[in-house]
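Worksheet: one structure, shown below.
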4 protein chains.
Amino acid sequence: MKKAKSQEKAEQSKEHIVLVAMRLFSTRGYHKTSTQAICDEAGISTGLLFYHFGSKENLLKSIVKMTLSKIDETLEHNGEEDPVQLLENIIDAFFDSLKENSQYWDLYMALLYQPDTKAQIVEEVSEHSTKFRRRVFELMEKMGRKDPAGDSFEFEVFRVGSFASYLANHNEKLLIQARKKIKERYLNL
Amino acid sequence: MKKAKSQEKAEQSKEHIVLVAMRLFSTRGYHKTSTQAICDEAGISTGLLFYHFGSKENLLKSIVKMTLSKIDETLEHNGEEDPVQLLENIIDAFFDSLKENSQYWDLYMALLYQPDTKAQIVEEVSEHSTKFRRRVFELMEKMGRKDPAGDSFEFEVFRVGSFASYLANHNEKLLIQARKKIKERYLNL
Amino acid sequence: MKKAKSQEKAEQSKEHIVLVAMRLFSTRGYHKTSTQAICDEAGISTGLLFYHFGSKENLLKSIVKMTLSKIDETLEHNGEEDPVQLLENIIDAFFDSLKENSQYWDLYMALLYQPDTKAQIVEEVSEHSTKFRRRVFELMEKMGRKDPAGDSFEFEVFRVGSFASYLANHNEKLLIQARKKIKERYLNL
Amino acid sequence: MKKAKSQEKAEQSKEHIVLVAMRLFSTRGYHKTSTQAICDEAGISTGLLFYHFGSKENLLKSIVKMTLSKIDETLEHNGEEDPVQLLENIIDAFFDSLKENSQYWDLYMALLYQPDTKAQIVEEVSEHSTKFRRRVFELMEKMGRKDPAGDSFEFEVFRVGSFASYLANHNEKLLIQARKKIKERYLNL
DNA sequence: CATGAATGAGTGTTCATTCAT
DNA sequence: GATGAATGAACACTCATTCAT
């Protein structure tokens with residue numbers, strides 16, 4: 001019981017560190033955030049961070065893993081319904097996540113386009129995005145679209161464009177408009 | 001004349017450093033490229049880089065400025081033609097640039113999504129992209145599109161999506177397909 | 001207790017660095033003493049100096065603070081006696097300190113007459129010297145001197161002159177003579 | 001004739017540099033003043049400074065030499081008069097110089113109390129101050145003072161004290177008062 | 001679990017000086 | 001005389017990481 005308690009505490013501590021680190025990484029940049037700054041902000045000692053995560057690099061991977069699994073949960077939280085409704089749910093989930101996990105997506109973009117950090121996270125990330133692309137393709141097939149491959153390609157480009165545009169300056173109007181446009185184009189046949 | 005010679009040499013030296021720096025920044029990442037590494041690779045002394053550019057940050061700005069002005073030249077090298085043709089030229093120029101100045105665009109994405117580097121280049125960059133967006137909007141108007149605002153918005157999102165997708169893994173096929181799609185959608189009424 | 005031990009060790013480490021730094025600053029000059037030289041001489045790593053003091057400038061301030069507080073202790077270690085005896089004690093304390101803390105006073109003069117270092121220490125120093133001047137004035141009043149203001153002014157000029165002259169070439173005879181003269185003039189009415 | 005002209009021009013150029021350098025050295029500090037800053041301020045090229053002076057160290061020596069010889073001129077500009085009048089003239093010349101060549105004396109103090117710069121100027125300076133001390137001693141003898149050695153020692157300590165006190169904070173009142181006190185003590189028997 | 005003193009390689013930058021023109 | 005591009009050693013400082021307690 002004691003162990004369980006201590007473990008739980010450790011988990012809380014780890015999650016707390018992850019949250020603080022994500023905030024700092026996304027607002028200051030990964031390379032501009034020192035491990036010391038994370039420790040200070042999280043109110044822990046230098047040693048504890050390395051006890052839990054081993055390295056700064058590994059802390060970064062933990063952030064990505066933890067956040068992606070949370071987002072996955074949201075995406076998969078769907079009862080089975082008709083494909084159009086499903087795709088709309090996915091679109092909404094993604095665009096909602098963009099605002100809710102804004103910090104994460106900021107970090108995500110930063111990491112993905114820097115050679116050194118990209119190498120660290122590419123594994124965790126690529127699996128996730130492949131799964132997502134396949135999902136959309138399947139839904140478009142079920143929806144009876146003539147060119148599901150072409151359409152899902154277009155869809156993905158548009159989705160990435162929405163993300164990249166929004167994250168470049170956090171313009172909310174852009175986000176609303178993009179969501180509307182993407183629904184118009186790919187939900188109605 | 002003597003002065004001209006010496007100035008010319010200095011200009012060459014500066015441009016050489018800029019080129020080397022761009023290559024290293026884009027392949028290794030800005031923060032992972034030391035000024036020393038740039039000097040070594042360029043075959044110059046530590047001091048010369050700072051003599052010419054003053055700081056690493058300023059070197060970065062110089063890269064962005066120099067490249068953007070080159071790209072601008074290409075975009076504006078248009079005789080007057082009908083708007084459809086002009087838009088196609090712009091699309092081609094942009095997608096060509098993506099391959100030709102691939103290094104620059106890699107760097108561009110990395111810089112734009114990192115808070116610290118973004119701050120450094122935002123001024124130089126935003127002017128450029130605003131000008132480009134306005135241009136597309138005007139062309140769409142001239143083409144007689146019903147909703148030039150909505151269409152140019154879509155166009156921009158799609159263009160950004162193409163860029164972001166391509167630069168994430170340098171998949172050439174994706175680029176070809178995206179160019180084709182964007183032409184289909186926005187060149188034919 | 002454990003904490004106390006570790007803190008104590010840290011305090012020793014800091015004091016050791018201060019002592020080494022003072023020696024090097026005073027013998028080589030502040031600007032000619034690199035932080036690395038201090039670390040080497042003190043047998044510590046580069047990082048530790050900055051861990052404890054944050055900057056070279058702050059190390060300098062710590063030296064001044066620490067030494068001034070030591071000297072203050074000596075000056076104030078007086079039982080209550082008649083003003084003449086008190087003034088003599090103060091004169092002796094000051095002239096003794098000049099020999100005992102010779103390194104500090106060398107540094108003090110160097111710092112005080114350089115614009116950049118002066119700015120760093122002026123705060124710590126001025127308070128100390130004001131307090132001292134006031135003390136002498138009060139004693140001269142108690143001694144019943146006719147012009148305590150004029151006399152304490154003269155006294156201060158003479159004291160500063162003794163210091164400056166001695167520290168310019170470390171001539172011991174000069175110091176003995178100056179101490180004798182100052183006592184003759186300001187202790188006897 | 002042409003040569004003379006060119007030489008004259010060179011002398012002007014050299015003197016100009018010396019003046020600029022003295023100003024910068026005294027206001028920013030010797031070590032905090034880069035040769036480049038001097039060149040910029042003087043409106044000359046990097047090379048010219050080194051063409052004229054060979055090194056920063058040598059520029060410093062030139063400043064000291066040039067200024068001391070100017071001050072010497074002032075001190076020696078005396079018709080022969082009675083010793084009391086002569087001493088008063090010397091006192092006045094020195095205290096006037098303190099205000100007129102304030103920049104030089106600031107620099108002088110800074111240099112004299114820093115080990116590295118002291119080594120550079122000690123030769124030029126010590127000769128000058130020895131000569132001055134001897135002069136005062138001789139005058140006190142002629143004035144018929146009982147203890148010319150002791151008095152001239154006191155005088156020197158007081159003079160140095162006045163200088164050091166004034167230069168520590170450039171308090172004009174202090175200077176006036178000190179001049180008055182020194183005349184009272186050593187001009188009247 | 002947790003602390004924080006200690007490490008040392010690495011960073012961007014400065015600066016006196018040289019030299020071809 | 002005069003220029004200014006070029007040099008390279010030195011510098012203050014940072015930071016991920018370790019380890020004794």
Side-chain angles (χ1 to χ4, degrees), chain A residues 3 6-7 9-10 13-14 31-39 44-59, chain B residues 1-3 5-7 9-14 31-39 43-59, chain C residues 1-3 5-7 9-14 31-39 43-59, chain D residues 3 6-7 9-10 13-14 31-39 44-59:
Chain A
K3 277 188 185 176
S6 138
Q7 248 185 338
K9 211 176 159 190
S13 177
K14 281 187 73 167
H31 293 289
K32 286 282 176 185
T33 305
S34 66
T35 52
Q36 195 54 56
I38 298 168
C39 294
I44 59 165
S45 67
T46 321
L48 193 56
L49 189 151
F50 286 88
Y51 174 80
H52 280 316
F53 298 97
S55 70
K56 190 185 182 185
E57 196 171 312
N58 207 52
L59 169 60
Chain B
M1 273 294 147
K2 279 174 190 171
K3 281 188 181 174
K5 217 173 185 176
S6 143
Q7 245 182 308
K9 208 178 159 190
E11 220 44 51
Q12 277 183 2
S13 178
K14 280 187 74 168
H31 294 289
K32 284 286 177 184
T33 304
S34 67
T35 53
Q36 198 49 58
I38 297 168
C39 294
I44 58 164
S45 66
T46 321
L48 191 56
L49 190 153
F50 288 91
Y51 176 75
H52 280 315
F53 298 98
S55 70
K56 190 185 183 185
E57 194 171 315
N58 205 52
L59 170 59
Chain C
M1 274 293 149
K2 278 175 192 172
K3 280 187 182 175
K5 218 173 185 177
S6 143
Q7 245 181 309
K9 208 177 159 190
E11 219 46 50
Q12 276 183 2
S13 178
K14 280 187 75 169
H31 293 289
K32 285 285 176 184
T33 305
S34 68
T35 52
Q36 197 51 57
I38 297 168
C39 295
I44 58 162
S45 67
T46 320
L48 190 56
L49 191 153
F50 289 91
Y51 175 75
H52 280 314
F53 298 97
S55 69
K56 191 185 181 183
E57 194 172 316
N58 205 53
L59 170 58
Chain D
K3 278 187 183 174
S6 140
Q7 248 184 336
K9 211 175 158 189
S13 179
K14 281 187 74 169
H31 293 289
K32 285 284 177 184
T33 305
S34 67
T35 53
Q36 196 53 56
I38 297 168
C39 295
I44 59 164
S45 67
T46 321
L48 193 54
L49 189 151
F50 285 89
Y51 174 79
H52 280 315
F53 298 96
S55 70
K56 190 185 182 184
E57 195 172 316
N58 206 52
L59 169 59

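Just so it is clear: chains get the letters A, B, ... in the order the sequence lines come, proteins before strands, and each one is counted from 1.
- What separates NZ of D/K56 from C1' of E/dT17 is a distance of 12 Å, to the nearest Å.
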Under 3.5 Å, N/O pairs linking protein and nucleotides 6-8 of chain F:
residue: F/dA6; atom: OP2; partner: B/H52; partner atom: NE2; Å: 2.9
residue: F/dT7; atom: OP2; partner: B/S45; partner atom: N; Å: 3.1
residue: F/dT7; atom: OP2; partner: B/S45; partner atom: OG; Å: 3.0
residue: F/dT7; atom: O5'; partner: B/S45; partner atom: OG; Å: 3.4
residue: F/dG8; atom: N7; partner: B/G47; partner atom: N; Å: 3.3
residue: F/dG8; atom: O6; partner: B/G47; partner atom: N; Å: 3.4

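- In DNA chain E, consecutive stretches of 3 or more Watson-Crick or G-U wobble pairs with both distances under 3.5 Å are given as paired ranges: E:2-21 with F:2-21.
- Interatomic distance, CD1 of C/I44 versus OG of C/S13, reported as 6.0 Å (0.5 Å rounding).
- Between B/K32 atom NZ and E/dG12 atom P the separation is 11 Å, expressed in whole Å.
- The nearest pair of heavy atoms linking A/Q36 to A/T46 is OE1-OG1, 3.3 Å.
- Closest approach of A/S45 and A/C39 over heavy atoms only: O-SG, 3.7 Å.
- Rounded to an integer number of Å, the gap from A/F53 CZ to F/dT17 P is 13 Å.
- The separation between C/I38 atom CD1 and F/dC11 atom P is 11 Å, rounded to whole Å.
- Side-chain nitrogen and oxygen atoms of D/T35 include none within less than 4.0 Å of the OP1 or OP2 phosphate oxygen of E/dC15.
- Heavy atoms from other residues, nucleotides or ligands lying under 6.0 Å from NZ of C/K14 number more than 12.
- Among the nucleotides F/dC15, E/dT18, E/dT13, the one closest to any side-chain atom of A/S34 is F/dC15.
- Minimum interatomic distance between A/T35 and A/L49 (heavy atoms only, all atoms of both residues): O-CD1, 4.0 Å.
- In this entry the distance linking CD of C/E57 with C1' of F/dC11 reads 15 Å, nearest Å.
- Evaluation of the ring-ring contact (aromatic ring centres under 6.0 Å, His included) rule for A/H31 yields B/H31 as partners, not counting sequence neighbours.
- The nearest whole Å value for the distance from the NZ atom in D/K14 to the P atom in F/dA2 is 12 Å.
- Nucleotide E/dG12 holds its P atom 15 Å from the CG atom of B/N58, rounded to whole Å.
- Per the geometry, CZ belonging to D/F50 stands 9 Å off C1' belonging to E/dT18, to the nearest Å.
- How far CD1 of B/I38 is from OG of B/S34: 7.0 Å, rounded to the nearest 0.5 Å.
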